[in-house]
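Here the structure comes first, spelled out in structure tokens, and everything after it is commentary.
Every chain is numbered from 1, with letters handed out A, B, ... down the list of sequences.
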Number of protein chains: 2
Amino acid sequence: MIQKTRVLLVDDHTILRTGLRMFFDSQADMVVVGEAVSGEDALEKVQLHQPDVVILDISMPGMTGIEAIARIKQLTPEAGILMLTMHEAEEYLQQAMQAGASGYVLKKAADSELLEAVRAVARKEIFLHPAMTSLLIQSIYHSEPKEGLKKTINLTSRETEVLKLVALGHTNKEISEVLSVSIKTVETHKSRVMEKTGCVRRSELVRYAMQEGYI
Amino acid sequence: MIQKTRVLLVDDHTILRTGLRMFFDSQADMVVVGEAVSGEDALEKVQLHQPDVVILDISMPGMTGIEAIARIKQLTPEAGILMLTMHEAEEYLQQAMQAGASGYVLKKAADSELLEAVRAVARKEIFLHPAMTSLLIQSIYHSEPKEGLKKTINLTSRETEVLKLVALGHTNKEISEVLSVSIKTVETHKSRVMEKTGCVRRSELVRYAMQEGYI
DNA sequence: TAAATTTTCAGGGTTTTTACTGATTATTAA
DNA sequence: TTAATAATCAGTAAAAACCCTGAAAATTTA
């Protein structure tokens, strides 16, 4: 091992970070070069420490892990990003991989799996637990309209119509003409959809619509 | 091991089949229950032997492996299909996974990998070599448009980037930030794309991008 | 019927996009 | 080495979108 794999830990739980640091530093081929407690913090630390692998939690205060992935990738495209999370849901997995993550490991996974994942990501490979891979492939190639998510986010029929048309790139005016309502009404529906889905950008709306099979 | 994994070999090369049969039969947990020399033959043998795992080559006389996957899946959805091929190209990989394959192993892979793959598929998991997984994820989430489609309308690389981002719902500002250029530059590229494609509305641009496989 | 939800619309200020025209600097091809 | 193509950016005015708050009908549910 000529060079140790440089690891940056990003998690808001100090205890977890400390544990991970001890764990990684006890490995001959890796070293923790820094820690960050938030997405914003991570962006700084990434520039400062130039890590090979960034280990990131999805749920963090402030910027979400998903957002952080994109920002980090922008800053240092060479750094591999490994999501370490307790969420087994495929929606997170999909979003993370789409945003540019190189791996996804559950917090309940075995230590050996985490090490394997870090080493794979350091080699520029993508690491997913077989079961996670199944989920991903399934969701990509053989996805059914997800009932689970539809239950939580309940769009009205009018909101659904507007979402679809927005995602297809139609302007508010076009939508208002198609639905025979005023532009103001369209704006209201759209903003309500964004509120319900948690989207703050039109692009997120597009992705949401695609992901949920609206378009 | 209560039940041995029942394997069906499908390949038009007799030597290879014989070698594989000996190899698998030497394993304590698997048994080759049949062989087939073509896709058509495979369909019969699948019904006859009810295998747990079908090992299939893509390139075969008559029905292609990709076609065979779909047909086999239709007949016996419980059977896992493992592609064993010399093709490293991601287009085959994508097609195979989309058609319903559960794994993809290169003929040049190590014996141990093949065993691992068969066992994973028998467990209803999906098996891909990490490098293959990378390819797949890359091609799904970070794909370049297909060359064939770009013949008629020739977009420059920058125009293509802008088109993709526009179609994904990003604002000019977001695009200018991602590409590190001014908004004015983005506007120019976008209007040029609209000129070339004949689109006059953003929605048409979205449809074009989808149709041409940009997104 | 009463309450909750859905659908509809408005005002107003800010930001962004659109649709022009025009132009400079690489890079590539002939 | 020209000539063509690609990529960059500017100005400007009108149109549209965005982001609020607020609110009245219509419909559905309890």
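- Proximity note for A:Arg158 (side chain, C-beta onward) versus C:dT8, C:dT17, C:dA10: the nearest is C:dT8.
- Side chain of B:Lys124 to backbone of B:Gly80: no donor-acceptor contact under 3.5 angstrom is found.
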Salt bridge (charged side-chain N to carboxylate O under 4.0 Å, His left out) between A:Arg119 and A:Glu116, worked out: CA-CA 5 Å; A:Arg119 293 193 181 107; A:Glu116 218 184 303; over 6 Å; no
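- The interatomic distance linking B:Arg192 (CZ) with C:dA19 (P) rounds to 15 Å, in whole Å.
- Of the candidate nucleotides C:dA19, C:dC9, D:dT8, C:dA19 has the atom lying nearest to any side-chain atom of B:Lys184.
- Of all nucleotides listed (D:dC18, C:dC9, D:dA6), D:dC18 comes nearest to the side chain of A:Glu187.
- Residue B:Thr171 places at least one side-chain N or O closer than 4.0 Å to OP1 or OP2 of C:dT17.
- Taking the charged nitrogens against the carboxylate oxygens, B:Glu161 and B:Arg158 do have a contact shorter than 4.0 Å, which makes a salt bridge.
- No donor-acceptor contact under 3.5 Å links the side chain of A:Ser191 to the base of D:dC20.
- When the C1' atom of D:dA17 is taken as reference, atom CD1 of A:Ile183 falls 9 Å away, rounded to whole Å.
- Checked against C:dT8, C:dT17, D:dC18, the side chain of A:His189 finds its nearest nucleotide in C:dT8.
- Distances shown here put a side-chain N or O of B:Asn172 below 4.0 Å from the OP1 or OP2 atom of C:dT18.
- Rounded to whole Å, the distance from CG on A:Leu155 to C1' on C:dT7 is 15 Å.
- Remark: C1' of D:dC18 and NE2 of B:His170 are 18 Å apart, rounded to the nearest angstrom.
- Rounding to the nearest 0.5 angstrom, the gap separating the OG atom in A:Ser191 from the CD atom in A:Glu159 is 9.0 Å.
- Contact annotation: B:Ser157 reaches the phosphate of D:dA7 (side-chain N/O to OP1 or OP2, under 4.0 Å).
- Rounding to whole angstrom units, NZ of residue B:Lys173 and P of D:dA17 are separated by 18 Å.
- Note: CD1 (A:Ile175) to P (C:dT8) measures 13 Å, nearest angstrom.
- In this structure, the nucleotide among C:dC9, D:dT8, C:dT17 sitting nearest to the side chain of B:Thr185 is D:dT8.
- The distance from atom CG of A:Leu179 to atom C1' of C:dT6 is 15 Å, rounded to the nearest whole Å.
- Here the closest non-hydrogen pair linking B:Asp11 and B:Arg17 is O-NH1, 2.7 Å.
- Distances shown here put every side-chain N or O of B:Ser182 at or beyond 4.0 Å from the OP1 or OP2 atom of D:dT8.
- Atom CE of B:Met194 is separated from atom P of C:dC20 by 11 Å (rounded to the nearest Å).
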